[in-house]
2 protein chains.
Amino acid sequence: MNPKTRAAVHLDDVSKAIIEQLQADGRRSYAEIGKAVGLSEAAVRQRVQKLTDTGVMQIVAVTDPMQLGFFRQAMIGLRCTGDTRLIADKLAAMPAVDYVVLTAGSFDIMAEVVCESDEDLITLLNSEIRSLEGVVSTETFVYLKLHKQLYNWGTR
Amino acid sequence: MNPKTRAAVHLDDVSKAIIEQLQADGRRSYAEIGKAVGLSEAAVRQRVQKLTDTGVMQIVAVTDPMQLGFFRQAMIGLRCTGDTRLIADKLAAMPAVDYVVLTAGSFDIMAEVVCESDEDLITLLNSEIRSLEGVVSTETFVYLKLHKQLYNWGTR
DNA sequence: AGTGAAACGACCGTAGA
DNA sequence: TCTACGGTCGTTTCACT
């Protein structure tokens with residue numbers, strides 16, 4: 001809650017191993033994980049519960065945009081005036097925008113968008129994003145190939 | 001397999017509803033999902049099986065870098081010469097790099113990195129990324145605040 | 001934090017519409 | 001592709017360490 005929460009949660013090797021198991025398959029049974037990491041089923045469940053309750057980990061379905069007909073993805077860099085948080089809020093409210101981050105550098109905001117077609121992307125850029133109050137200029141980086149995408153931490 | 005696989009998988013409302021359930025909680029039981037979407041437990045199981053087998057959806061654990069002590073994230077834009085795929089491969093092999101995409105625009109590659117500290121980021125940039133053969137220049141966008149992050153599709 | 005045991009519920013294979 | 005059903009295995013609760 002507090003933005004000054006700067007302490008990393010300590011994870012022992014067993015918890016890391018549990019997370020690895022669930023990164024491979026989020027539906028793997030606690031009993032099976034227990035066998036793999038050398039813990040009873042109940043102990044695994046308690047650890048998973050704690051990890052999810054504290055927000056360290058969550059088990060979710062992730063879907064592939066390509067397979068669902070969203071063939072055009074792009075990263076958009078925005079240069080802005082005024083409060084970037086207000087602009088970021090408006091971007092985040094757009095369904096085609098799946099990722100928004102405030103940055104330091106020659107862009108103030110970077111946003112990833114997912115569209116069904118090039119036309120959709122053009123419309124999104126012109127009618128929605130570039131027309132936002134406070135957006136000075138944008139630069140678009142159309143995705144040619146997604147090379148690596150990880151949801152994985154803690155195992156390294 | 002074929003890069004020309006451009007057909008979107010058709011999902012009916014029931015499958016979309018199932019995915020929504022699993023996006024909320026990847027461990028929700030098939031029986032419970034069945035109640036919510038009006039299908040038998042076995043039918044839900046079959047649909048989930050098919051969705052995961054075909055790669056439309058996967059159920060995985062995702063973890064929070066911040067909570068695990070990776071306080072510094074950044075997007076790095078790279079301008080390159082030569083085959084960008086070779087460079088992307090080398091970036092993808094780095095543990096600190098969690099996202100690599102080949103782009104069209106003023107950057108040829110964009111990579112997201114996750115570090116424990118500013119020093120780690122500096123080292124990564126200088127000793128690993130900027131020294132890669134074929135990397136002409138880089139631009140770093142340090143993350144100030146992650147505003148929105150979705151793994152969600154199909155529900156919109 | 002961990003184990004173990006018993007009751008309960010989920011999951012899986014198979015059969016049939 | 002769905003439902004129905006029975007066997008098996010996973011999950012839950014609780015008492016205990």
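These numbers come from the heavy atoms of this one structure, side chains and all, not from hydrogens, waters or symmetry mates. Just so it is clear, the structure is predicted and the values come from calculations on it, not from any experiment. Chain letters run A, B, ... following the sequence lines, proteins first and then strands; every chain starts at 1.
- The side chain of A/L39 lies closest to C/dG2 when the candidates are D/dT11, D/dT3, C/dG2.
- Clustering ILVMFWY residues whenever any of their side-chain heavy atoms sit less than 4.5 angstrom apart, transitively, puts B/L144 in the very cluster that holds A/V135.
- In summary, A/K16 and A/E20 do not engage in a salt bridge, as defined by a charged side-chain N under 4.0 Å from a carboxylate O.
- Under a hydrophobic-cluster definition in which Ile, Leu, Val, Met, Phe, Trp and Tyr are linked whenever side-chain heavy atoms come within less than 4.5 Å, directly or via other members, B/M94 and B/L121 are assigned to the same cluster.
- Follow the hydrophobic side-chain contacts under 4.5 Å out from B/V44 and you reach B/L22 in the same cluster.
- Taking atom CD on A/Q49 and atom P on C/dA1, their separation rounds to 14 Å, with Å as the unit.
- Residue-to-nucleotide proximity on DNA chain D shows that, of A/Y30 and B/R47, the 5′-proximal contact is made by B/R47.
- Distances from the side chain of B/S29 to the nucleotides D/dT3, D/dT12, C/dC11 place C/dC11 closest.
- B/Y99 and B/V113 are members of different hydrophobic clusters when ILVMFWY side chains are connected at heavy-atom separations under 4.5 Å.
- Using a 4.0 Å heavy-atom criterion, one finds that A/E32 contacts no nucleic acid atom at all.
- If you take CG of B/D25 and P of D/dT11, they are 13 Å apart, rounded to a whole angstrom.
- Nearest nucleotide to the A/R45 side chain, out of C/dG13, D/dT11, C/dA1: D/dT11.
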How does DNA chain C look in dot-bracket form if you count Watson-Crick and G-U pairs under 3.5 Å, write [ ] for pairs that cross, and put | where a base pairs with another strand? |.|||||||||||||||
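- C/dC11 atom C1' lies 13 Å from atom CD1 of B/I33, rounded to whole Å.
- B/Q46 places its CD atom 10 Å from the C1' atom of D/dT3, with the value rounded to the nearest Å.
- Closest approach to the A/E41 side chain among D/dT3, D/dT11, C/dA10 is made by D/dT11 (side chain taken as heavy atoms from C-beta onward).
- Using modelled atom types, one finds a donor on one side chain and an acceptor on the other under 3.5 Å when comparing A/S106 with B/E139.
- One hydrophobic cluster holds both B/I19 and A/V114 under the rule that ILVMFWY side chains link at heavy-atom gaps under 4.5 Å.
- Nearest nucleotide to the A/A31 side chain, out of D/dT3, D/dG10, C/dG2: D/dG10.
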